[in-house]
Participant: 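Mind having a look at this structure? Questions to follow.
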Amino acid sequence: MSGRRNAPPVTTLGSLWLVTGLALVQAPHLLRFPLGLALLCLLAMGWRVARDLRGWPLPPTWLRLTLTLGGMASVFFAYRTLLGQEAGVALLAIMLGLKLVEMTTLRDAMVVVLLAYFLAAAGFLFDQSLLAGGYLLGTVVVLTAALMVLNHPGARRDLTRDYLRRSTSLLLQALPLMAVLFVFFPRIQELGWGLTTTPSARTGLSGEMNLGDVSQLSDSREVAFRVEFQGAPPPAGSWYWRGPVLWHTDGRRWTLLPPSGLRELPHPFSPRGAPLDYTVSLPGDTTDRWLPALDIPSMVPERAFVTTDLQLFRRDRAQGTLRYPMRSYPRFQWLGLSDAQRLEALSLPPGSHPRAVALGEEWAARLPDPGKRVAEALRYFREGPFRYTRRPPPLVGDPVDQFLFETRKGFCEHYAASFVVLMRAAHLPARIVTGYEGGEYNPVGSYWVVRQSDAHAWAEVYLEEKGWVRVDPTAVIPPGRIDQDALADVTGGREGREAPSWIGAAVRAGLQGLDSVNFLWNRWVADYSAERQQDLLSRFGFLSWGAAGIAAALLVGGAVAVGAALWFTGRARRRPDPALLLYQRFCRKLARGGLGRRRNEGEQAYARRVVMQRPDLAVAVRTITALYLEARYGRPAVSLLPQLRGAVAAFRP
Amino acid sequence: LKREKLRPWWYRPAPRAREQRVVRRRIYILPTRNGLLMVLVLGAMLLGAMNYGNSLVYGLTFLLTSVSVVSIIHTHRNLADLVVRTGQSRPVFAGEVALFPLAVENPGADRVAISFELENGRTTADLPEHSLHWIELRRPVEQRGWCELPRVTITSSFPLGLFRAWSFLELDQRCLVYPRPEQNGPPLPTGGGDEEHWERGRTGAGREDFSALRDYRAGDSLRHVHWKALAREQGLLTKEYEGSGRGHLLFEWDTLSGLPPEARLSRLCRWVLLAEASGLRYGLALPGGRLAPGRGESHRQRCLEALALFGAAP
């Protein structure tokens, strides 16, 4: 305790910097916290500021203890645990906030800054976007500046920009070494110590479909994934990104086949035509279990498996972006259907959608050719008149019958589900495939973006001689019967409906540029994993030396980076005194007239010698010499440099 | 001195001098307590990055690691190449605080939070680029005689406080410490004692004799400034005069035979101060030598110096 009493106290200015830095670090966390926790953190920070600026007393011990226990309790009630990612971060944030209202010594303040760095790192567990990266880098600049202020007993308020400049340049000087460590420090696969918990899921592919429940489709412009094609992109009309395949229905809800039905080996399909090679990148915050691939995927990415209906599942659900190469055959023949699957693909829940079943059975009786039955169903949708809308009226009764015979307004899910019901009623095996359709080209990064709003559902019908055939009943709705709002949503833009087209083009180009920056960020920074490291290192031959190679790369790279930092810091420091530079200019002017300054000749002696030989220059020489000596060695109250500069410039020997 | 011999070769300071440059290879640097805490925090961040396979947490960990490493360079550079010169110490009395002025020259970019430490405390200063800065080190003194400036540790942990760099300055500077003047001692031995100490002055009454020239000191009367010397560009000089007293006192070591030596010096010191304050002429008789009676600031200094260095090796 005696050490604590002697410890230097934290300065008011240092404390204010610290609160600023901590508030910046906490801000993104507070947005996620339950209201009570966020308010507690704000209260603590506000109290500290009030103490620093208004001289409020710090809260008494009993209050601090109460707040601490209350904070822990509310974390526990909010998250049902004190461990795990979200609860742990909340706990750290609360404790840091409460530490603010008890810190008195410099040592306390230093601890808060160092733990605030940790809290900043925890921010990346929730958001790995470029924006989050830039923001947290900014907070690190402020926190580092706060460290400087804390360690500067003579800190002054008017030096704010100076601290920020120092902190930024320190970070810039650290970049080379950081880059070396980032590239070469051996990455390992996720340890998975059970600390990982899945953050709250967001919209994506769910693996089930509830007809009529959700009466709105996601308009999210969020990026679902990005694709780079190695060759030419597939022709229009075949951009079907396969996701969950739904077989089973209870009349309203469509689900996957149970795992037992999926674990069979996929039925072989015969490719027709050339394959498509491409690479898919999923953003880091995706929680989807499905790896999207164009119809029909012909390979399985690492750490993934394939089911009999050609769904690609990832085995682990680790965070971080995922990139995988893929090969698909847009044209194919896919024969083979087991008895169990045929049964599943024909089954309808007994007693449901009577009118649809009657219609399908009527087609089956009238049209012996299965292909004709499919065509009849599509004609039925086309001539309905069915409308496409992304905001259909809710379906309260039997969803399929109500859609087919009453409302006739819906989106892809309604069409796909109704179509599959009609086909099954017409004795044709059919299933729903969900996923994404389409893609938007980004010319800046020359890749394609598929967004959450591109989510789609279509159908597959099994025809005896052709095998599984993809049918998209939504596609037959003529454009005239597609709601305008749906069109606007699908083409992604409120932008430019009335504005001149070049504005729309500019906005679009800007957005595309932004997205390609994001893509590069994900690809080279957020997505830099153990595999990509191996990939990169082996490409440059480091891996052939084994661990020694990596160690050597780290050492050599580190030495070069530290050398670079030394050079940078040294360069900043070798800036000579401006007064000296001006004086040297003055000496050069005199030297041109044969009156150069001798080696080891003092300034005063030199001035005397010059005045002896050139009495006409006496005033100027004495003035310049006096100004220089005072500017360089004295402690002038105001800068004498402007005067010196003027005098030297006007000096004409 | 023994401790010096035990130090490893790389930790031995430079020889004492009136001017010392902080040489790069004599700057030592180690992490502070907070630096060790930073290592712990970085370790925890690295474990988190591994656990979640989170590339950005890796990135931030590496960034902060690099920042810490680069801060070593900054901390080191903060001290390097500073030049420290000794100034003139004013004599003090034992029991007071000796002040050691040091001129610190910064030949390069600005330095922040440079501390100069003695065992008993520290002085911290910021040094703007290309500047000369005076600092004062304080050291309480108890013993009369020469007080050597002990080893000064010049240290800094700017910018981040994670590392502390230090170097030793062995500066050849000393401060003269007069004996502690006796408190509540007997009054000046005027008249009441031996009459022979109350002699007539050598010089005639009322005339002040010019005796010497010395450097001008703040407070000297302008009437005594040697203006002709100033006109000859010899700087400001003050003329000193022999006193004008009617008689003088002689303070003798031998008359205080009942006291231990340090107490005798204290009493003599008190008498010198009292006599000077009363405008009397006084002299000093010590076993090692005599100081002829006189008066004035320089005479007082000579007397006090003799007392301070009494018994010391010449």
Side-chain angles (χ1 to χ4, degrees), chain A residues 107 110-111 114-115 117-118 120-122 124-125 128 132-133 136 140 144 147-148 150-154 166 170-171 173-175 177-178 181-182 185 187-193 195-196 318-320 525-530 561-562 565-566 569-570 572-575 577 579-580 632-633 635, chain B residues 32-35 37-38 40-42 44-77 80-81 105 107-110 112-113 115 124-126 128-134 156-162:
Chain A
R107 193 180 291 165
M110 293 284 287
V111 171
L114 300 188
L115 290 179
Y117 280 135
F118 192 83
F124 286 130
L125 298 181
Q128 297 185 57
L136 285 174
V140 169
T144 309
L147 266 188
M148 291 182 180
L150 287 171
N151 284 287
H152 184 195
R166 275 175 195 274
L170 184 62
L171 257 63
Q173 288 157 6
L175 279 184
L177 182 57
M178 177 222 179
L181 287 171
F182 190 80
F185 188 87
R187 301 291 180 90
I188 50 172
Q189 307 283 1
E190 303 81 58
L191 295 176
W193 285 324
L195 294 172
T196 316
Q319 294 186 348
V525 182
D527 175 27
Y528 191 74
S529 60
V562 169
L566 267 169
T569 54
R573 270 158 204 279
R574 238 177 281 130
R575 192 174 46 189
D577 187 352
L580 178 62
R632 178 118 200 251
Y633 300 109
R635 301 181 68 190
Chain B
T32 58
R33 245 179 67 116
N34 290 314
L37 182 66
M38 184 70 174
L40 280 184
V41 168
L42 288 174
M45 277 167 74
L46 189 62
L47 287 183
M50 287 173 170
N51 181 54
Y52 292 105
N54 189 313
S55 205
L56 292 185
V57 179
Y58 273 114
L60 187 56
T61 311
F62 296 148
L63 178 64
L64 292 176
T65 309
S66 309
V67 163
S68 307
V69 170
V70 173
S71 86
I72 299 178
I73 301 175
H74 282 265
T75 309
H76 187 270
R77 283 246 158 96
D81 297 331
E105 188 193 332
D110 61 339
V112 182
S115 291
T124 303
D126 295 340
E129 57 182 350
H130 307 291
S131 65
L132 190 70
H133 196 89
W134 282 95
S156 176
S157 55
F158 195 81
L160 301 186
L162 303 179

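Computed from heavy atoms alone, side chains included, the values below leave out hydrogens, waters and symmetry copies. Predicted, not measured: the structure shown is a model, and the values here were computed from it. Just so we're on the same page: letters track the sequence lines, and every chain starts at 1.
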Participant: State, with a plain yes or no, whether a side-chain heavy atom of B:Ser55 is found less than 4.5 Å away from one of A:Phe124.
Facilitator: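 No, too far: nothing below the 4.5 Å cut-off.
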
Participant: Going through the checks in order, is the side-chain contact (heavy atoms from CB on, under 4.5 Å) test met by B:His74 and A:Gln173?
Facilitator: CA-CA 11 Å; B:His74 282 265; A:Gln173 288 157 6; 2.5 Å; yes

Participant: Heavy-atom pairs under 4.5 Å with chain A are the metric here; pick the option from B:Gly161, B:Ser71, B:Ala125, B:Ser115 that has the most.
Facilitator: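 Of the options given, most contacts go to B:Gly161.
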
Participant: B:Leu160, B:Leu40, B:Leu162: which one forms the most heavy-atom pairs within less than 4.5 Å of chain A?
Facilitator: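 The option with the most such pairs is B:Leu160.
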
Participant: At a heavy-atom separation under 4.5 Å, does A:Ala561 approach chain B through its side chain, its backbone, both, or neither?
Facilitator: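 Answer is neither: A:Ala561 stays 4.5 Å or more from chain B.
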
Participant: Considering only heavy atoms, which portion of A:Val111 lies under 4.5 Å from any heavy atom of chain B: side chain, backbone, both, or neither?
Facilitator: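 It is both, since atoms from each part get that close.
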
Participant: Which atom names give the shortest non-hydrogen contact between B:Pro159 and A:Asn151, and what distance separates them?
Facilitator: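 Scanning both residues completely, I find the closest heavy atoms to be O-CB, 3.9 Å.
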
Participant: Name the option with the most non-hydrogen atom pairs under 4.5 Å to chain A; the candidates are B:Leu63, B:Val112, B:Leu42, B:Thr61.
Facilitator: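 Most pairs with chain A among the choices: B:Leu63.
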
Participant: Shortest non-hydrogen contact from B:Thr124 to A:Pro153?
Facilitator: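 Smallest heavy-atom distance, with atoms named: CG2-CG, 4.0 Å.
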
Participant: Of all the heavy-atom pairs spanning A:Val140 and B:Leu64, show the shortest one and how long it is.
Facilitator: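 Nearest heavy atoms, A:Val140 then B:Leu64: CG1-CD2, 4.0 Å.
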
Participant: Measure up the B:Phe62 and A:Phe185 rings against each other and bin them: parallel (under 30°), tilted (30 to 60°), perpendicular (over 60°).
Facilitator: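 B:Phe62 and A:Phe185: tilted rings.
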
Participant: Closest approach of A:Ala121 and B:Met45, non-hydrogen atoms and distance?
Facilitator: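 Closest pair (atom of A:Ala121, atom of B:Met45, distance): CB-CE, 3.5 Å.
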
Participant: Let me know if B:Asn34 has heavy atoms under 4.5 Å from chain A in its side chain, its backbone, both or neither.
Facilitator: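 Contact with chain A involves both backbone and side-chain atoms of B:Asn34.
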
Participant: Which one wins on heavy-atom pair count under 4.5 Å against chain A: B:Leu56, B:Leu60, B:Val69, B:Val70?
Facilitator: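 Winner by heavy-atom pair count: B:Leu56.
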
Participant: Dump the intermediate steps for side-chain contact (heavy atoms from CB on, under 4.5 Å) on A:Val562 and B:Ile73, then the final yes or no.
Facilitator: CA-CA 9 Å; A:Val562 169; B:Ile73 301 175; 4.2 Å; yes

Participant: Looking at A:Thr144, A:Leu136, A:Leu181, which has the largest count of heavy-atom pairs under 4.5 Å with chain B?
Facilitator: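 Most heavy-atom pairs within the cutoff with chain B belong to A:Leu181.
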
Participant: Of all the heavy-atom pairs spanning A:Met178 and B:Gly59, show the shortest one and how long it is.
Facilitator: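 What the structure gives for the nearest pair is CE-O, 3.2 Å.
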
Participant: Do the non-hydrogen side-chain atoms of A:Met110 and B:Thr32 ever get within less than 4.5 Å of each other?
Facilitator: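 Heavy-atom side-chain distance check fails, nothing below 4.5 Å.
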
